Amino acid sequence: MAKEFKLPELGENVTKGVVAAVLVAEGDVIAKDQPILEIETDKAVVEIPSPFAGKVLKLNASEGKSIAVGEVVMTIDTDGAGSGGAAKDQDQDDEPAAKSSAGRRQGAAPEASEPKPDAMKKAGAAEDKGGGGKPQPRLHVLERPEGPSRRKGPLAAPPSVRKLARELGVDIQALEPSDPSGRVTADDVRRAAKGAGADSAPEENGGEARPQRAASAAPAIAQARAPEGAEGEDRWGPITRQDMNAVRKATAERMTQSWTTIPHVTHHDKADVTSLEALRARHGKRIEQAGGKFTVTAVLVKLLAEALRRFPKFNASVDMATHEILYKRYYNIGVAVDTPHGLLVPVIRDADQKSIAELCVELPELAEKARNRKLALEDMQGGTFTISNLGGIGGIGFTPIINAPEAAILGVSRTQIEPVLNNGQLQPRAMLPLSLSYDHRVIDGAEAARFARWVAEALEQPWMLFLDI
Ligand code: CAO
């Protein structure tokens, strides 16, 4: 009996992906749960296992092809394929990948993180649409396309490429990827296995092949490297034309979607964090002994969870189809993390139920996970509000873009010692700039000003948290 297999849901707000690798061919007899494709989405490579055993009759996938969720990926003949009847019984619309992926996990590559049943349940419960608490396919977080020059952490490669590297005895981390995204391809691995150097044939994507990275290669030199791609020229001079990879495309699409559908306003304020800085200096060591880092970001996560409870619109989503505002009664705070692979936003769940000390431990752990590409897609889902702290780098303010379907995002810039007039006296105070972008369909300016003031005052006098005012 011929059955169609459609691309299952890949995660919240993910409607399509690009085929990163095809792992089976037409005519192959495959087992149930055997991986058939790797699909690249905006934040992960998702391994898609087959829900059926049988013979692949038709494969509607090739590397680089874009596939939408729900589109037919393959047709498979399940008769006499040794499926023990299980394949025949399973309706293809019945979340096949989710079921199959559970089986696949047992053979998971060690670098991939295991979604915990609890976390999965919570992640599902946290979604208002689409997720419905269903388990997701196996996920591998992918490098963001900053380019190899900015890389500080380990290289990313899809599971099939890692497998090939293992088979050919190639150390992936010693490679210099030819793809501008910094991702290692099968060709990089094969070239390294052959011992090919810089004079190898160029990649089909136009990227130049390079030799294996010497262990001592100086990152400073890499940072000066120009973007790679096809050389050409426009009216004014020479240019390099570089293909956006799927990750960049998806990021561009999501940012455009948010910026063009949500009427953004950014409200600016400043918080006097002089006392908080003194507190951090005084108790930083104790938090370190507990395995954490006493940071402004961790304090903000806690304060914001409380602020969101008091200002429910900032913890809401808007549904324009039904003209409803969906107020969430859980407080999951996303934190933008700058990683060598690009921007990732892991989510701290139930931040309201955690102490600042606990958050001081959890936040660096999540950031580390993000930097090491250990985040599962679920770790980045179900957020209700996002914080983006650029203060460690610099700046006096910016316009953060709302992480839809959330209603607001808090941008934080660098704390500066400023002269502040206090009772007629100029005093040096540590001032933290706050940039609150909000969805003006749900939130009005006065509400945003009150919200930002509450956060600023709570940073100035944290004991406010204990007063119900
Ligand atoms: N003002 C001044 N200094 C700040 C600061 C601020 N607002 N915020 C952080 N810092 C300092 C910290 O004190 C720390 O200094 P020390 O190393 O001397 O202790 C240093 O910057 C690094 O901070 P951190 O990373 O250890 O800890 P954090 O909790 O403050 O930040 C995180 C964590 C994940 C938010 C941060 O590492 C990060 O990735 N920020 C970038 C977020 C980003 O890219 N946003 C843009 C999104 S839109 O494209």
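In listed order, ligands and their atoms are each counted from 1. FYI, side chains are in, hydrogens and waters are out, and symmetry mates aren't considered; it's all heavy atoms of this structure. These numbers were taken from a predicted model, which means no experiment stands behind them.
With respect to atom 12 (C) of ligand 1, the closest heavy atom belonging to the protein is Lys293 NZ, 4.8 Å. Protein heavy atom in closest approach to atom 47 (C) of ligand 1: Ser388 OG, 3.1 Å. Scanning the protein for heavy atoms near atom 27 (O) of ligand 1, the closest one is Thr295 CG2, 3.6 Å. Protein heavy atom in closest approach to atom 32 (C) of ligand 1: Ala336 O, 4.3 Å. For atom 29 (O) of ligand 1, the closest non-hydrogen atom of the protein is Thr297 OG1, 2.9 Å. Nearest to atom 6 (C) of ligand 1 among the protein's heavy atoms is Gly391 CA, 3.4 Å. Among all non-hydrogen protein atoms, the one lying nearest atom 40 (N) of ligand 1 is Asn389 O, 2.9 Å. Ranking protein heavy atoms by distance to atom 21 (O) of ligand 1, first place goes to Gly392 CA, 3.2 Å.
Under a 4.0 Å heavy-atom criterion, Arg280 is in contact with ligand 1. Leu390 counts as a contact of ligand 1, since one of its heavy atoms falls under 4.0 Å from the ligand. By the 4.0 Å heavy-atom criterion, Arg371 is counted among the residues contacting ligand 1. Between Ser413 and ligand 1 there is a heavy-atom distance shorter than 4.0 Å.
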- Evaluate the salt bridge (Lys or Arg N to Asp or Glu O under 4.0 Å) criterion for residues Glu447 and Arg450: first the C-alpha distance (whole Å), next the side-chain angles of each, then the deciding distance (0.1 Å), finally the verdict. CA-CA 5 Å; Glu447 293 167 313; Arg450 279 193 279 271; 5.6 Å; no
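If you take CG on Asp338 and CZ on Arg371, they are separated by 7.5 Å, rounding to the nearest 0.5 Å. To the nearest 0.5 Å, the span separating CD1 on Ile67 from CG on Leu7 amounts to 6.0 Å. How far CD of Gln416 is from CD of Glu418: 6.5 Å, rounded to the nearest 0.5 Å.
When heavy-atom distances to ligand 1 are checked against a 4.0 Å cut-off, Leu343 comes that close only through its side chain, counted from C-beta outward. When non-hydrogen atoms are compared, ligand 1 lies under 4.0 Å from the side chain of Leu432 (C-beta onward) but not from its backbone.
At a distance under 4.0 Å, a protein heavy atom can be found next to atom 44 (O) of ligand 1.
Classification of the His264-Trp259 ring pair by plane angle, with boundaries at 30° and 60°, yields tilted.
Between Asp379 and Lys369, at least one side-chain nitrogen of the basic residue sits less than 4.0 Å from a carboxylate oxygen of the acidic one, meeting the salt-bridge criterion.
A donor-acceptor pair is defined here as one N or O able to donate and one able to accept, closer than 3.5 Å; no such pair exists between the side chain of Lys293 and the backbone of Ala298.
Just one of Ile348, Val299, Leu366 meets the side chain to side chain contact (heavy atoms under 4.5 Å, CB included) condition when paired with Leu359; it is Ile348.
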